[in-house]
Protein chains: 2
Amino acid sequence: MQSTLSADALSLTFAALADPTRRAILARLAQGESSVTELAQPFAISLPAITKHLKVLQRAGLISRGRQAQWRPCKLETAPLRDVSAWVDLYRRQWESRLDRLGEFLQENHPQESNNEG
Amino acid sequence: MQSTLSADALSLTFAALADPTRRAILARLAQGESSVTELAQPFAISLPAITKHLKVLQRAGLISRGRQAQWRPCKLETAPLRDVSAWVDLYRRQWESRLDRLGEFLQENHPQESNNEG
DNA sequence: TGAGAAATTCACCAAATGGTTAATTAACCG
DNA sequence: CGGTTAATTAACCATTTGGTGAATTTCTCA
């Protein structure tokens with residue numbers, strides 16, 4: 001699992017989010033803490049596979065693990081999503097301001113056209 | 001793992017963003033269109049490696065390719081980042097509202113405590 | 001003390017990823 | 001036409017990823 005040079009936090013977070021099973025796990029955890037078997041319930045994969053997904057999420061800081069009796073409950077952690085949000089919004093703002101400037105230019109020169117939206 | 005069944009759009013986008021080289025390429029493209037060799041400039045990897053990164057970005061819909069003479073300029077595309085932003089904000093809102101509710105509860109019971117940011 | 005439940009670790013496998021060099025395609029220019 | 005530049009494709013390699021089943025750890029409880 002461990003790479004020689006550990007990847008940066010943002011890369012770990014994006015990589016962790018790049019799997020639908022893991023996103024579904026996070027969605028479930030957004031509603032509250034949960035045990036591993038409970039989390040595994042909706043999926044057609046083995047428990048060890050779930051454990052691996054949880055390790056990926058934990059390494060990305062997206063969840064933390066607790067311990068009570070033989071359960072290791074998982075809890076959603078907020079910080080990494082905040083970083084992702086910041087990164088995404090930064091670049092959205094950058095290209096949106098570029099498009100705005102282009103839009104203004106087009107407005108000045110071709111008041112008819114109002115194209116956007118891919 | 002599911003190559004025959006192509007992964008969903010959000011997974012493709014997150015996976016594309018999970019590499020620092022690709023994020024740097026996008027950052028560069030946020031300032032305007034660029035050719036491949038120009039994009040490759042800052043990196044210590046070969047041109048074919050850059051081509052592969054561009055394919056990943058294109059498959060995720062994060063860039064589009066043009067064509068003029070022997071150049072294939074790359075352009076940033078906005079739609080997928082909007083989806084990422086929507087997903088992230090949805091879950092941020094979900095757990096933040098949970099934390100808010102917890103905060104209110106704590107307020108009612110321990111008016112001293114005030115929450116802080118990392 | 002030991003059966004059973006929760007979860008992890010182990011050993012393995014196939015496919016995907018990220019990189020390389022060498023060869024090839026596509027367009028320009030003289 | 002031939003040479004040059006831009007970029008891609010091809011073939012290959014090492015590592016990572018996502019999965020499996022079997023064994024093991026850790027805890028509860030009768």
Chemist: OP1 or OP2 of dG19(D) less than 4.0 angstrom from a side-chain nitrogen or oxygen of His53(A), does that happen here?
Modeler: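 Answer yes for this pair, as a side-chain N or O of His53(A) is under 4.0 Å from OP1 or OP2.
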Chemist: Does a nitrogen or oxygen in the side chain of Arg67(B) sit under 4.0 Å from OP1 or OP2 of dA7(D)?
Modeler: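 False: Arg67(B) side-chain N/O out of range (4.0 Å or more) of dA7(D) OP1/OP2.
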Chemist: Looking only at side-chain atoms of Ala69(B), point me to the closest of dT8(C), dA27(C), dT21(C).
Modeler: dA27(C)
Chemist: Among dT26(D), dG18(C), dC28(C), which is the nearest nucleotide to the side chain of Asp19(B)?
Modeler: dG18(C)
Chemist: Regarding Thr51(B), tell me which of base, sugar-phosphate or nothing describes its non-hydrogen contacts under 4.0 Å with the strands shown.
Modeler: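 Answer is base: heavy atoms of Thr51(B) come under 4.0 Å of a base.
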Chemist: Which nucleotide sits closest to the side chain of Gln70(A): dT26(D), dT5(D), dG21(D)?
Modeler: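 Per side-chain heavy atoms of Gln70(A), the pick is dT26(D).
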Chemist: So, do Glu38(B) and Pro73(B) sit near enough that their side-chain heavy atoms are less than 4.5 Å apart?
Modeler: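 Glu38(B) does not reach Pro73(B) side chain to side chain.
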Chemist: Name the closest nucleotide to the Ala49(B) side chain, picking from dA27(C), dG19(C), dT26(D).
Modeler: dG19(C)
Chemist: With respect to Arg22(A), which candidate in Leu57(A), Leu17(A), Leu62(A), Ile50(A) satisfies the side-chain contact (heavy atoms from CB on, under 4.5 Å) definition?
Modeler: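 So the option named by the test is Leu57(A).
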Chemist: Using a heavy-atom cut-off of under 4.0 Å over every strand shown, decide if Thr37(B) touches base, sugar-phosphate, or nothing.
Modeler: sugar-phosphate
Chemist: Going by heavy atoms closer than 4.0 Å, what residues in residues 21-30 of chain A are next to DNA chain D?
Modeler: Arg22(A)
Chemist: Quick one: which of dC12(C), dT8(C), dT28(D) gets closest to the side chain of Lys52(A)?
Modeler: dC12(C)
Chemist: Would one find a side-chain N or O of Lys55(B) under 4.0 angstrom from OP1 or OP2 of dT9(D)?
Modeler: yes
Chemist: Go through dT26(D), dT20(D), dG19(C) for me and flag the one nearest to the Arg72(A) side chain.
Modeler: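 Nearest to the side chain of Arg72(A) among the choices is dT26(D).
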Chemist: Which nucleotide, dG18(C), dT9(D), dG18(D), lies nearest any side-chain atom of Pro48(B)?
Modeler: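 It is dT9(D).
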Chemist: For Tyr91(B) and Trp87(B), I'd like to know if the aromatic rings sit close, meaning centre-to-centre distance below 6.0 Å.
Modeler: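 Centroid separation for Tyr91(B) and Trp87(B): below 6.0 Å.
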Chemist: Using a cut-off of strictly less than 4.0 Å, decide whether Ser35(A) has a side-chain nitrogen or oxygen near OP1 or OP2 of dA6(C).
Modeler: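 Checking Ser35(A) against dA6(C): no side-chain N or O falls below 4.0 Å of OP1 or OP2.
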